[in-house]
Number of protein chains: 2
Amino acid sequence: MTRAGLNTQRVTEAGADLADEIGFTQITVSELARRLDVKVASLYSHVRNSEDLKVRIALLALEELADRAADAIAGRAGKDALIALANVYRDYARAHPGRYTAAQYRLDPQTAAAGAGPRHARMTRAILRGYDLQEPDRTHAVRLLGSVFHGYTSLEMGGGFDHSAPDSDQSWSRTLDALDALLRHWPRP
Amino acid sequence: MTRAGLNTQRVTEAGADLADEIGFTQITVSELARRLDVKVASLYSHVRNSEDLKVRIALLALEELADRAADAIAGRAGKDALIALANVYRDYARAHPGRYTAAQYRLDPQTAAAGAGPRHARMTRAILRGYDLQEPDRTHAVRLLGSVFHGYTSLEMGGGFDHSAPDSDQSWSRTLDALDALLRHWPRP
DNA sequence: ACATCTACCTAAAGGCTTTAGGCAAAAGGT
DNA sequence: ACCTTTTGCCTAAAGCCTTTAGGTAGATGT
């Protein structure tokens, strides 16, 4: 009887793929075992428990997202960079809904700090180099951008903008126009 | 042996309270039964199954939120109304994290349309009466506002803005200033 | 060929979900 | 008060998911 050749890495990737297919919240160790054609107990050599599996999928998704974001903003500035970064999140969420949901999974502070979370914050901050904002407004703007990227994407994923005109692509595009305008004319306190 | 006197309504409310204490994702029928000091099977007279319980909690939260939002925007306009509405969401999320998470629970379109979801959209739209926006920009703005309210609140709830200066209250306040400015000077296509 | 990992297995205990069938408290009519 | 109906809660049981313990055989290196 030949082996499947699993290790923690592969189990995590298979978990992420499975999440994209059936939804992150539906992930169970049993379901993943079925998918990998392996007995449930076998997975417990690669993953501490069900929670550990979810955390690993979350960290994987955060890292993949950060890599794509870094690619997207390299060599761009201002509105170009803003649009490129924003689209990374939205496109990733549409292509990999399970992974994207996983990226929102609540991690304890230590784990979060050790993962790719901080890279995301730095990249959003980097976008603002193209605009004339000083601290603390820069931080406020980072938080606003994060909120819009995540908020829009997650409402859209939840079907909130389906079945109503105008279509979501247009709102997205105009939302980015609006954010760009806002960053260029950020109000004084 | 005297009865607990439960019905669907009370079970749902107890479920919502429990969600606020232990987190919406931790909700199980068993846990709720323990909380109510009742055997698990008994709850299945009041609730079809675990999913049904969660949906009911979600609908309850959406309704409570809509009621508070309606109170908040009554008799206000412009930036006042914007701030009041935004604070309803944020305050509710902080006071009732379990219910707030429940309000984000994905409902099937039929259930969603029958619940308080559409009321929320109408109220956000009502806020924009105080600003000079025509369709389709009005809809784009509704979506942007929803994204920011939900996005900011959910990142804040997830601890994303902890342990970094300036504190989240300030960013929130300045974010609302920025949104107000944006709505007053919405960019042309 | 040998020892050593290591990937996978069987077995079993415990918890959550859900259905079926029953009993007794509450509610309502006469 | 008495009887009937309703209904709120129960016990029992089956099925699936999680997790641990202990065992076996394929891969790896000497």
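By convention in this document, chain letters (A, B, ...) are assigned in the order of the sequence lines, proteins followed by strands, and residues within each chain are numbered from 1. No hydrogens, no waters, no symmetry mates; every other heavy atom, side chains included, goes into these values. As the structure is a prediction and not an experimental result, all values here were calculated from the model.
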Closest to the A:Val29 side chain: C:dC9, D:dC10, D:dT18? D:dT18
Out of B:Leu32, B:Val55, B:Leu53, which residue meets the side-chain contact (heavy atoms from CB on, under 4.5 Å) rule with B:Val47? B:Leu53
B:Asn49 atom CG is separated from C:dT18 atom C1', nearest whole Å, by 9 Å
Between B:Arg34 and C:dC16, is there a side-chain N or O to OP1/OP2 distance below 4.0 Å? yes
Contact class for A:Thr28 vs. all strands (heavy atom < 4.0 Å): base, sugar-phosphate, or nothing? sugar-phosphate
Just checking A:Val40: base, sugar-phosphate only, or nothing, at a heavy-atom cut-off of under 4.0 Å? base
Are B:Phe161 and B:Tyr152, when compared by the centres of their aromatic rings, separated by less than 6.0 Å? yes
Could you check, using the six-membered ring where one of them is a Trp, whether B:His96 and B:Tyr100 have ring centers closer than 6.0 angstrom? no
Rounded to whole Å, CG of B:Leu18 lies from P of C:dC16 at a distance of 12 Å
Residue pair A:Glu31/A:Ala41 against DNA chain D: nearer the 5' end by closest nucleotide is A:Glu31
Is any side-chain N of the basic residue among B:Asp17 and B:Arg99 closer than 4.0 Å to the acidic one's carboxylate O? yes
Between C:dA12 atom P and A:Tyr44 atom OH, what is the distance in whole Å? 19 Å
Starting at atom CG of B:Leu53, determine the distance to atom P of C:dT17, rounded to an integer number of angstrom. 9 Å
Under 4.0 angstrom between B:His46 side-chain N/O and D:dT7 OP1 or OP2: no
For a quick check of understanding: with a heavy-atom distance under 4.0 Å over all strands, which category does A:Ser30 fall into, base, sugar-phosphate or nothing? base
Over all strands shown, is A:Ser42 touching base, sugar-phosphate only, or nothing at heavy-atom distances under 4.0 angstrom? base
Separation of C:dC8 atom P from A:Asn7 atom CG, nearest Å, is 9 Å
At under 4.0 Å between heavy atoms, what does B:Ser45 touch on the DNA or RNA strands: base, sugar-phosphate, or nothing? base
Base, sugar-phosphate alone, or nothing: which one does A:Arg10 contact when heavy atoms must sit under 4.0 Å apart? nothing
Interatomic spacing from OG in B:Ser171 to CG in A:Leu144 - rounded to 0.5 Å: 9.5 Å
